[in-house]
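Reading through the C-alpha cells given below for one structure.
Computed over heavy atoms, backbone and side chain alike; hydrogens, waters and symmetry mates excluded.
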Amino acid sequence: MPTEIRVPTLGESIAEATVGQWFKKVGDTVKADEPLVELETEKVTVEVPAPAAGVIEAIAVRDGETVGVGALLGTIATNGAGARPTREAPAREAPARAAPVRPADLEEEAAAARATPAPAGRPNQKTGTTRPIGAGPEQPALREALSPAVRKLLAENELEPSSIPATGKGGRLTKGDVLAALEVGGAAPRQAEAPPRSEAPAPAAVRPPAPPSDEAREERVRMTRLRQTIARRLKDAQNTAAMLTTFNEVDMSAVMKLRARYKDVFEKKHGVKLGFMGFFVRSTIQALKDIPAVNAEIDGQDIVYKNYYHIGVAVGTDRGLVVPVVRDADMLSLAEIEKRIGELGRKARDGQLSIEDMQGGTFTISNGGVYGSLMSTPILNAPQSGILGMHKIEDRPVAVDGRVEIRPMMYLALTYDHRVVDGKEAVTFLVRIKETVEDPERLMLDL
Amino acid sequence: MPSQYDLVVIGSGPGGYVCAVRAAQLGLKTAVVERWPTFGGTCLNIGCIPSKALLHASEMFMEAGEHFADLGIGIGKPKLDLPAMLAHKDKVVEANVSGVAFLFRKNKVDTWRGTGSIAAPGKVIVTAEDGKTETLEARNVVIATGSEVTPLPNVTVDEKRIVSSEGALKLPSVPKSLLIVGAGVIGLELGSVWRRLGAEVTVVEFLDRILPGVDGEVARQAQRFFQKQGLAFRLSSKVTGVDSSGAMLRVSVEPVQGGAGEVLEAETVLVAIGRRPFTAGLGLDKAGVALDERGRVKTDAHYRTNVDGIFAVGDVIAGPMLAHKAEDEGVAVAEIVAGQAGHVNYDVIPNVIYTRPEIASVGKHEEELKAAGVEYKVGKFPFSANGRGRAMLATDGFVKVLADKASDRVLGVHIVGPYAGELIQEASVLMEFSGSAEDLGRVCHAHPTLSEAVKEAALAAWWKPVNL
C-alpha cells in the first residue's frame, strides 16, 4: 500500500508553504527519512523526509506551487520491510536558511538547527556553511541580551549598546567590551532626542507638584488615546520637518458672486450645497500640479513626487481634529468634491471614519475660519510637505486700482517643509491659489 | 552480506555510547561494537559510577559514625556490612549499563559484541569471544576504545593484593592497611573510601604535591583535610618495587631526589599512577591510523584521524581524561558526520574530585594565569560563613573566583566544599557566555543555599562580598 508524503507542521502561525525543489523524481528509490522535497515559508525552509523507505510512486505538486499544512505532496510505494512510522515533522526540520530572519524567529531557528537530520555520511550539501551548533545562531537581537553588569554600565554612562563592538558569545556584549569602549571614549552617548521606537510618547518633564491650595482646585483627566495619538503625531511632525509658514491674502468677492448666482441651480442639479471648499480644493490641485514639490514627501534620502492628489480636509470633532481624505480629488467635479467633503464630515462627527478614510493624503487643507481665526500657522500633517490654512472671511478696506474698497478678504497660510519645498515654490504656490480663487475662470482655462 | 552503516562506533563508554545515540537521533544508521559483557566502558563498569556509589555509601557510614550524635541522632557506632555496600554499588552499575542498552534499543542502534578492528577504511571486523567474525561496512568509524590503567614498572597487578582501581572497587574485606601509589584523583577517592571504612591509608606520590593539575592553594587545603581524616602522605617519593612473598606486602619507597629508601608494609597496594590510551586489537597499524608519541590516536580539530572516514574521541585521544569530555566529543563527531559543525569548548570543561570535601574547578587556576602573564583578581569565600553550610554541618572549604583584572571576565572558579561538583556548573554556564564576576554576583541566588558562597566569592572578586 503506498505511503503518503504530506506537508508537515511548519511552525507557529505558518499555514502554507511554497514547494521549492524536489530532490527525488518518480521512480527513485529512497530510504526512510531521506529528504525528498524542500518547502519554503516566510520564516524557514524545511526539508520533508521520506516517511518510509520505498520507491517514489507519484509526485502531486510542482515546484513553485503553494501547499497548505497537511496537503498531499506525493506517494511512496513501500517495499514492506523497514517502513518506519512518520515522525513528528517539527523535530525533523532542516537547518533554517538565511532569508530575512527577524528576532522573533530566533527560538524557532535555534530549535530547527538543533534537530536536523541531514543526509547520512556526506556533508550537508544544502547548507553551504555550517553553523556551529554550540555557539548558537548569530543574531543582531542577541546584542540586546545584556548581562546585569553590562546593563548597569550602559545606564550609568548613558551609552548606546549598538555603538560598542561586541565580542561575547553569539554577538552579545560583555562587561569587558563596555569597559574597553569607555576607556577608548568611543562609545556613543544615548541620544536624548532619539525618536521613540515604541508607541509610548517620550517621557515629558515631570511637573513640580502644585502647592496644596492650587492642587485642591485641579482636576486630572487622562488623555484619550486619540488625543495622545494626535499629540504624538504633532510632535513628530515638528521634530522632523523644517516647518515654516508663508502668508498671502485672497479677495473672495469673485467666488462669492459666483456662488450667489448659481447656488440654487447648483443645489437643484447636484443635490449638494455650493460652498467654498470645492473652489479651494480645485485651486489647490491646480497649484499642486504647478508646484509638484508641495505634493511630495521625503523618504530617507529620496523625495517621492506623487502624481495623484488625495486631499485631506481637516474636520473638528468633539473628540479632536481628524483629517479624512478625498481621494483622487483631481478626478472629481466640484459637486463631487463638495459631496465627498460633506460625507466625510458627517462620518467624522459621528465617529464613523475608517482607517482607509484617513490614509494616503498628499496635501491637507485646514479651515480655522469656521471658528473665527483670522490668521494662523497650521502644523504639517506628517509625512506631507504642505498644509493650507484657510481663515475667516472678513470685510476689510483694501486698495483696488488706487481706490479704497471694502472687500471680503481671507488670509491664507501655507506651512511647508523647507527640506522639500523652496521658499520661492511655497510663495508661488500660494500666489497660484490666490489667483485662481480670485479669478475662477482661470481654473476653466487651466491658468 | 556485510551489514551497512553510516557510522560504526567501536567502544560503548561515555564517548562511544553518546556518539552512537546522538548519531542515531540525527538520522544516521549506527552500530556500536563492544568487547565487554556489558556496555558503558570503564566509566560505568569499573570507574566513575561504581566509585561514586562507594564514595557515597562510605561517606554516609562516616557521617553516621562521626556527626549523627551532633545532630541528636543516637545510633552508636554503625556496623559495616561490606557485602551489602558492594551489592549497592553493583546494583547502581547494573542500572546504568542496562540504561545504556535501553538507549541503544530506543534509538535503534545495532550492537555487536566482540573486539572491533578496522580491516580497512570503511570496514570493521567484529571478533566474538568464540572466534566468530562479522564484517560491518561503515561510511564512518569512530574509535572510542578509551584507556587502561598505566602499569607501574616492577610491580605486577593481580587484582587481589596488588590492585588497580578495578580491584579496589571490590575488595572482599576492608584491608587493615592500604598503600596507594599516586596521589591523583583516583588514588585519593579510593583512598578516602577505604579510610572511612576503617583502613589505615598511606599515599605515596612522586611529585611534591597532591592532585597535579589542580589549583595549588586548593590542593594544599585539600591535603590538610585529608590528613585530618587520617590519610598519611609520602610526597616526592617513588615506589621501586613490591615484594609479595610474605603475608604482608613490602613496598620499597625511595625519595625522588635520591637517598636512603625505606620499606613500608601494607596488606593491600593500590596502583593509581594514571591511565593510558587503549588501542589493542584495533588493527590501527594495518589500517594506517597514526598514533602520537604518547600512544594516543592522532586527531585534528574535527576529531578526524589521518585516514578518511575514521574519527576518534575520548580517553584514546589527547585531552583531559574525563567522561564528560569524551561525551561532548562524541556528540561533536555525531554532528560532524551528520554534516553539522560539532564543537567542544575545552576552556570550559569542569573537573570534579569526589572526596570530602568535594573539589571542583573550571577554567584556569592561579599558576596557569601567572605563567601566562595574565593580570587577575581573586575573590574567596569560605563555607564556614555560609548559612546552609552551617545548617548541614558542612563548613569545610571555600570558593575561589579568578577574574580578569581589566575586564572582570571570570577566568576560573575553584571550589572545595560540599557539593562542589554541582555548584561548579553555574560557573561553567557563565564562562561559556564570557560573563564577568560582577555578572555572577548580580544574579539572584536563592537563600539559604551553598551556591551563595559562589555568589559571594564572585562579589569579592569584582568588588566586595556582603557576608564576610
ask   = With a 4.5 angstrom heavy-atom cut-off, which part of A:V150 approaches chain B: side chain, backbone, both or neither?
value = backbone
task = Starting at CZ of B:R442, measure out to CZ of A:R151 and round the result to the nearest 0.5 Å.
result = 10.0 Å
ask   = Does B:D439 use its side chain to pair, donor to acceptor, with the backbone of A:A149 at less than 3.5 Å?
value = yes
ask   = CZ/B:R409 to CG/A:L179 distance, rounded to the nearest 0.5 angstrom?
value = 13.0 Å
query = When you look at CG of B:D300, are more than 12 heavy atoms from neighbouring residues, nucleotides or ligands closer to it than 6.0 Å?
reply = yes
ask   = Could you give the distance from CG (A:L173) to OG (B:S434), rounded to the nearest 0.5 Å?
value = 11.0 Å
Separation of B:K29 NZ from A:D33 CG (nearest 0.5 Å) = 13.0 Å
ask   = Could you give the distance from CD (B:E438) to NZ (A:K175), rounded to the nearest 0.5 Å?
value = 3.5 Å
task = Check whether more than 12 heavy atoms from other residues, nucleotides or ligands sit under 6.0 Å from atom NZ of B:K123, and answer yes or no.
result = no
